[in-house]
Each structure stands twice: as structure tokens, then as C-alpha cells.
Amino acid sequence: MLSIVPKDIGWIEVICGSMFSGKTEELIRRLRRAQIAKQNVAIFKPVIDDRYSSEHIVSHNECRLPSIAVMSAQEILAKRGEATVIGIDEAQFFGMDLVDVCQKLADMGLRVIVAGLDQDYTGKPFEPIPQLLAVAEYITKTLAICVKCGNPANRTQRLSHDSARVVVGAQNIYEARCRFCHEVYTEEKDSKAQE
Ligand code: ZN
């Protein structure tokens with residue numbers, strides 16, 4: 001059978017988009033296909049993401065696969081075992097070290113599939129996804145549907161006024177919005193709203 005991608009060569013696939021766009025679902029779908037083909041798969045997620053399950057990656061529609069929780073991107077290198085396919089979820093929590101780690105894994109001949117948020121709640125590019133997009137062979141951008149207007153949505157709206165870049169374990173304070181409906185609350189804007 002003719003393969004589109006030559007064998008014995010590694011590569012990086014990035015699946016990115018806003019929250020509720022189906023990134024983890026798509027990651028799970030690809031990893032399941034590899035498992036069905038009896039390929040050796042290892043799945044990693046950052047310890048910071050403990051929603052739903054600490055030993056699985058779980059999409060919002062409750063699909064799940066067993067995963068290894070790690071504190072840093074470097075740990076992925078140490079804990080990959082014999083795997084030839086590496087899945088990484090919630091990539092935005094690993095920081096810039098993840099870029100080097102993914103490059104190393106792909107250079108070793110492994111297939112690396114990374115899913116993560118490409119923008120923070122203010123709509124700014126969220127490292128390390130922009131850098132990973134630059135070095136990846138394959139890119140998939142998933143879109144959600146804007147909760148306000150029903151148009152394609154690529155932004156994550158934070159419904160609370162918390163200004164930390166990451167607010168963990170607060171799934172119900174986010175929703176998908178399009179660029180038109182997305183709003184960033186600033187203190188200035190808040191004080192105006194109160195006037
Ligand atoms: Zn909208």
C-alpha cells in the first residue's frame with residue numbers, strides 16, 4: 001500500500017483552536033486509529049490539567065484514553081518508553097520547552113501529535129503553539145461555534161473578570177466566541193461599565 005508519508009521518518013502534527021473546538025476529540029481520534037493499527041502509543045498531559053481524570057485525556061464529549069501526567073516537557077522524553085506515536089494534550093501548559101522536545105522526538109523518527117490552545121483568553125497567540133505551528137509538518141485548526149451569534153468561533157471568552165492567563169479547573173467560566181463577539185474585560189472597561 002502506498003503511504004503518503006514515508007516510513008521511518010518522524011513528523012509533528014499540531015491540532016489547535018479555541019476551547020470547545022474539539023481539539024482533544026480529534027487528538028483521541030488520531031491516537032485511536034494508531035492503536036487499532038497496533039502501533040505503540042504514549043499519551044501525555046500536564047499535571048496542571050486535572051479536570052475529569054488524572055490518568056486519562058478526556059474530551060468534552062467524554063471520549064477518553066489512558067495518559068501519563070507529567071510536570072514538564074522534558075519528562076516526555078524520559079517516559080516515552082517504546083512508543084512510536086506520541087500524543088500531547090493541553091500543550092499550552094508546557095511552555096516553550098515543548099518545542100525542543102517535539103523536535104527531538106520527530107528527529108528520532110516518531111510521530112508527534114500535539115493539541116492545544118492557540119490563543120489565550122484575550123486573543124493573543126499562546127506560546128508554545130505559534131512556535132510549534134512554524135516547525136510542524138501538519139496543521140489542523142479546529143473551530144468552535146460562537147455561543148452568541150452562531151458563526152465560526154476561534155476565540156475563547158472568559159466570563160469571569162480574572163486576569164490571570166491560566167485559570168484552571170474552571171470549565172464553566174469559558175465559552176467559544178467569534179472575533180466579533182469576543183470581548184476582553186479590562187479594569188478601565190469595567191469601571192466605565194459601572195458608571
Ligand atoms: Zn459571534
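Order of listing sets the numbers, starting from 1, for every ligand and every atom in it.
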Side chain [X], main chain [Y], donor-acceptor under 3.5 Å:
X	Y	answer
T156	M19	yes
E137	I12	yes
T142	C16	yes
Q92	L117	yes

Subject >> Of the protein N/O/S atoms, how many lie under 2.8 Å from the Zn ion (ligand 1) >> reply: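 Counting protein N, O and S atoms closer than 2.8 Å to the Zn ion (ligand 1) gives 4.
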Original post:
Which distance, rounded to the nearest 0.5 Å, do you find between the CG of L31 and the CD of Q39?
Top reply: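 Output value for this atom pair is 10.5 Å.
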Original post:
Does anything in residues 100-112 pair up under salt bridge (charged side-chain N to carboxylate O under 4.0 Å, His left out), and if so which pairs, sequence neighbours excluded?
Top reply: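 Listed by first then second residue: E13-R111.
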